[in-house]
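Below: the structure, in structure tokens.
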Amino acid sequence: MTFLAADFFARAAVDVARDLLGATLRARGNDGLWTAGRIVETEAYGGQDDPASHAGRGRTPRSEIMFGPAGVAYVYLIYGVHHCLNFVTEADGEAGAVLIRSLEPVDGQMVMARRRGLDLGRYRRRDLCAGPGKLSQAMGLDLSWNGTPVAADHGPESPSGLRLLLVEAGSAAVDWQAGPRIGISRAVDRPLRFVDPDSDCLSR
DNA sequence: GAATCGATGATCT
DNA sequence: GATCATCGATTCA
């Protein structure tokens with residue numbers, strides 16, 4: 001079992017987004033419970049050259065983290081309602097991030113269902129974490145996760161001294177497809193969304 | 001099934 | 001004051 005390290009994340013966001021497909025994300029939620037899912041949908045966001053990116057208009061208090069070292073989480077609140085989980089990419093000083101959009105549940109499905117407020121008796125697997133907002137809710141993340149290390153060789157682990165996020169490398173190469181990113185209004189036509197087309201746990 | 005719409009708060013101009 | 005990397009409820013079919 002291999003956990004992804006900082007050198008994996010310190011590359012172009014496009015490459016990291018594609019290579020994350022098939023890897024397994026593990027997270028220890030705020031309630032202390034672990035869940036895990038196979039990454040099946042990602043999007044790449046760049047720096048000054050990407051008008052759809054939060055870093056597209058340069059450094060701001062919010063986007064600053066995207067310019068910093070790779071291998072940490074970037075979490076923000078969207079529409080006042082949903083949290084979105086990203087991993088910072090690129091070399092230090094360059095801005096980039098990968099939005100984790102959808103997972104296939106691997107461990108802790110009941111925990112996910114409870115956090116999501118679903119009927120524990122009859123929920124559909126794809127309602128657990130297909131979509132960035134659902135995924136964050138299912139894994140128990142919020143704004144306090146911003147800056148949490150995800151690269152396995154990063155430390156210190158977290159303010160509490162516990163490791164909260166890890167990504168296991170996939171065991172086999174995954175078939176992938178690229179397409180336009182979802183929910184943005186600028187640079188709409190760039191094929192920076194990556195999916196595992198065989199998964200039934202994609203958003204939309 | 002598809003289309004539409006409103007919630008709600010952090011962030012930036 | 002406007003924008004927004006979303007979702008679920010509602011409506012119509």
Side-chain angles (χ1 to χ4, degrees), chain A residues 9 12-18 20-21 25 27 30 37 39-68 70 72-90 94-105 112-120 122-148 150 165 176-196 200-204:
Chain A
F9 296 97
V14 191
D15 296 326
V16 175
R18 188 185 52 237
L20 277 173
L21 294 178
L25 170 62
N30 287 333
I39 299 172
V40 293
E41 179 176 354
T42 61
E43 283 178 2
Y45 287 87
Q48 315 272 13
D49 54 333
D50 183 0
S53 170
H54 290 166
R57 271 165 290 186
R59 292 177 186 253
T60 67
R62 180 174 68 170
S63 68
E64 182 65 28
I65 191 167
M66 291 181 66
F67 289 84
V72 302
Y74 165 40
V75 181
Y76 63 89
L77 183 66
I78 188 69
Y79 298 112
V81 182
H82 305 289
H83 298 279
C84 293
L85 172 67
N86 301 252
F87 298 147
V88 174
T89 65
E90 316 279 343
E94 294 270 311
V98 173
L99 171 66
I100 311 300
R101 286 193 60 92
S102 298
L103 305 174
E104 272 179 21
M112 291 183 181
R114 180 155 41 78
R115 286 174 179 157
R116 293 265 302 117
L118 302 176
D119 183 336
L120 296 187
R122 58 176 80 189
Y123 62 86
R124 289 175 307 181
R125 208 166 81 102
R126 67 172 166 278
D127 288 332
L128 291 177
C129 40
K134 297 178 187 177
L135 182 158
S136 298
Q137 188 180 26
M139 301 206 101
L141 330 169
D142 59 31
L143 276 185
S144 70
W145 285 66
N146 199 34
T148 299
V150 59
L165 277 178
W176 57 270
Q177 276 178 13
R181 294 175 290 186
I182 292 188
I184 56 172
S185 54
R186 302 192 246 212
V188 176
D189 48 351
R190 299 187 192 175
L192 295 176
R193 171 174 175 255
F194 298 92
V195 301
D196 171 356
D200 62 345
C201 290
L202 303 178
S203 65
R204 288 299 195 89

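Proteins get letters first, then strands, A, B, ... in listed order; numbering begins at 1 in each. Just the heavy atoms: all of them, side chains too, but no hydrogens, waters or symmetry mates, feed the values below. Bear in mind that the values here come from a model prediction, so they are computed numbers and not experimental data.
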[X] near the nucleic acid: base, sugar-phosphate alone, or nothing, with a heavy-atom cut-off under 4.0 Å?
{"X": "A:G80", "value": "base"}
{"X": "A:L99", "value": "base"}
{"X": "A:S185", "value": "sugar-phosphate"}
{"X": "A:A52", "value": "base"}

In B/S/- notation (B base, S sugar-phosphate only, - none; protein heavy atoms under 4.0 Å), nucleotides 8-13 of chain C written 5' to 3' is S-----
Paired runs of 3 or more consecutive Watson-Crick or G-U pairs involving DNA chain C, with both pairing distances under 3.5 Å, are B:1-7 with C:6-12, B:9-12 with C:1-4
May A:Y45 be described as stacking on the base of C:dA5, applying a 5.5 Å centroid limit and a 30° limit on plane angle? yes
> With the threshold set at 4.0 Å, does a side-chain nitrogen-carboxylate oxygen contact exist between A:D50 and A:R181?
Replying inline: yes
Counting only pairs under 3.5 Å, give me each side-chain donor-acceptor contact of residues 79-89 of chain A, with atom names and distances, residues two or more places apart or in other chains.
from: A:N86; atom 1: ND2; to: A:Y74; atom 2: O; distance (Å): 3.1
from: A:T89; atom 1: OG1; to: A:A97; atom 2: N; distance (Å): 3.4

Could I get a table of every N or O pair under 3.5 Å where one atom is in the protein and the other is in nucleotides 10-13 of chain B?
from: B:dC12; atom 1: OP1; to: A:T60; atom 2: OG1; distance (Å): 2.1
from: B:dC12; atom 1: OP1; to: A:R62; atom 2: N; distance (Å): 3.2

Sorted by chain and residue number, the salt bridge (Lys or Arg N to Asp or Glu O under 4.0 Å) partners of A:E104 (sequence neighbours excluded) come out as A:R38, A:R125
By salt bridge (Lys or Arg N to Asp or Glu O under 4.0 Å), A:R62 pairs with (sequence neighbours left out) none
Worksheet item: For A:R126, does the CZ atom sit with more than 12 other heavy atoms under 6.0 Å from it, leaving out its own atoms?
Response: no
